[in-house]
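Throughout, protein chains are lettered first and strands after them, A, B, ... in sequence-line order, and every chain is numbered starting at 1. On a predicted model such as this, the values are computed, not experimentally measured, just so you know.
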Amino acid sequence: MTASRSSQYAPPRPGDNLFGMNSTASTNNTAAGNTARAPRATHALRLAAAVLFAGTVALWAATGAHRGWTQTSKVVLQQDEITGIDFPVHQKTFVAGVEVLAVGVAFAAALVTASLLTNRRRKV
Amino acid sequence: MNTARITLASLVLGSIALVSAHAAPQSYDFKDPKGVNNVQFKLDAPLESITGTATGVTGTITFDPAAPAATSGRIELATKSLTVGNPVMQEHLHGANWLDVGQYPVISFEAVSAANVRSQGSQILADVTGRLTVKDVTQEVTVPVSFTRLADKLGARLGDDKIKGDLLVVRAAFVINRGEFNIQPGQYTDKVAEDIHLSLAIAGASPRE
């Protein structure tokens with residue numbers, strides 16, 4: 001078994017890209033091609049997760065870091081000139097709530113998990 | 001001499017009539033064509049704070065600035081007019097589990113008596129006791145209320161100087177417990193506070209011929 005495994009193993013040569021990013025190497029070897037695609041997918045998933053996480057947090061913070069549910073309208077108080085009564089005027093708006101934050105973070109976590117699985121498959 | 005006496009008597013009688021007319025109880029209609037009359041509510045639970053407004057105010061109040069303790073009347077609020085910022089939350093609020101606006105379309109307050117009446121500038125302050133009915137449950141509550149009578153301001157408010165009449169602005173802020181009115185008593189207290197903070201600002205009109 002040991003002899004068989006060692007016979008399949010080709011030690012890296014000077015100049016070889018150990019992470020499979022060398023396009024020349026990947027076109028010459030099927031296994032190396034798989035390892036090239038896997039890190040790209042891993043990086044893409046992690047990048048997407050980071051962008052999604054940052055975007056969600058930024059959206060939530062930019063719309064007021066509201067700790068309740070998402071609001072699709074807000075109330076602006078105006079004052080009646082004669083009576084002095086403050087009365088509500090409803091305006092359409094979007095205030096991201098905690099569920100938007102939770103969904104965004106959950107999707108980001110799912111993407112990170114998928115990237116880890118992709119990475120593990122590459123190592124196997 | 002006689003002419004002077006007659007003139008003096010006329011002036012005195014006229015003044016008395018004028019004072020009586022102003023001191024007489026007036027009935028104010030709180031149906032508001034401008035949609036300004038409103039009630040704001042806030043529930044501050046540990047996990048969630050809910051704020052909203054309602055504008056479906058109607059009713060009448062009889063108010064006499066010379067005898068504010070005799071104030072009486074009834075104010076109604078259409079439950080369908082309660083609004084919150086989140087449409088799903090509003091659907092729940094109007095639904096059968098909470099206010100059930102289909103079966104209980106009105107929240108009402110009927111003033112019974114006023115005590116601790118005092119003046120503060122142009123305002124008259126009083127503690128008004130009345131019957132508050134929510135979801136067919138009636139509780140007696142005492143509410144601190146301020147009355148501001150705006151004489152001859154009805155025309156200005158309606159944008160027509162030919163219309164003569166007075167306005168009565170009523171403001172009140174008080175707290176009720178939703179459990180006492182059979183609104184999911186003891187349930188979901190982490191997200192929906194049991195104490196409901198209410199703030200009311202309404203203006204009624206009393207037109208004159």
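Looking at B/Leu47, the atoms closer than 4.5 Å to chain A (heavy atoms on both sides) all sit in the backbone: N, CA, C or O. When heavy atoms are compared at a cutoff of 4.5 Å, B/Thr55 approaches chain A solely by way of its side chain, counted from C-beta outward. For B/Lys191, no part sits under 4.5 Å from any heavy atom of chain A, backbone or side chain.
In this structure the side chain of A/His90 reaches within 4.5 angstrom of the side chain of B/Thr53, judged on heavy atoms.
Heavy-atom neighbours of chain B within the stretch residues 58-74 of chain A, taken at a separation under 4.5 angstrom, comprise A/Arg67, A/Gly68, A/Trp69, A/Thr70, A/Gln71, A/Thr72, A/Ser73. Scanning residues 80-89 of chain A against chain B with a 4.5 Å heavy-atom cutoff picks out A/Asp80, A/Ile82, A/Thr83, A/Gly84, A/Ile85, A/Asp86, A/Phe87, A/Pro88, ordered by number.
Heavy-atom pairs under 4.5 Å with chain A were tallied for B/Val36, B/Val169, B/Val84; the largest tally goes to B/Val36.
Counting non-hydrogen atoms of neighbouring residues, nucleotides and ligands closer than 6.0 angstrom, the CZ atom of A/Phe107 reaches no more than 12 such neighbours. Within 6.0 Å of CZ in A/Phe53 there are 12 or fewer heavy atoms belonging to other residues, nucleotides or ligands. More than 12 heavy-atom neighbours from other residues, nucleotides or ligands sit within 6.0 angstrom of NZ on B/Lys135. Sparse packing is recorded around NZ of B/Lys31, with 12 or fewer heavy atoms of other residues, nucleotides or ligands lying under 6.0 Å away. Residue B/Gln120 qualifies as open at atom CD: its count of foreign heavy atoms under 6.0 Å is 12 or below. Within a 6.0 Å sphere centred on CZ of A/Phe94, heavy atoms belonging to other residues, nucleotides or ligands number more than 12. Under a cut-off of 6.0 angstrom, the local environment of CD in A/Glu99 is crowded, with over 12 non-hydrogen atoms contributed by other residues, nucleotides or ligands.
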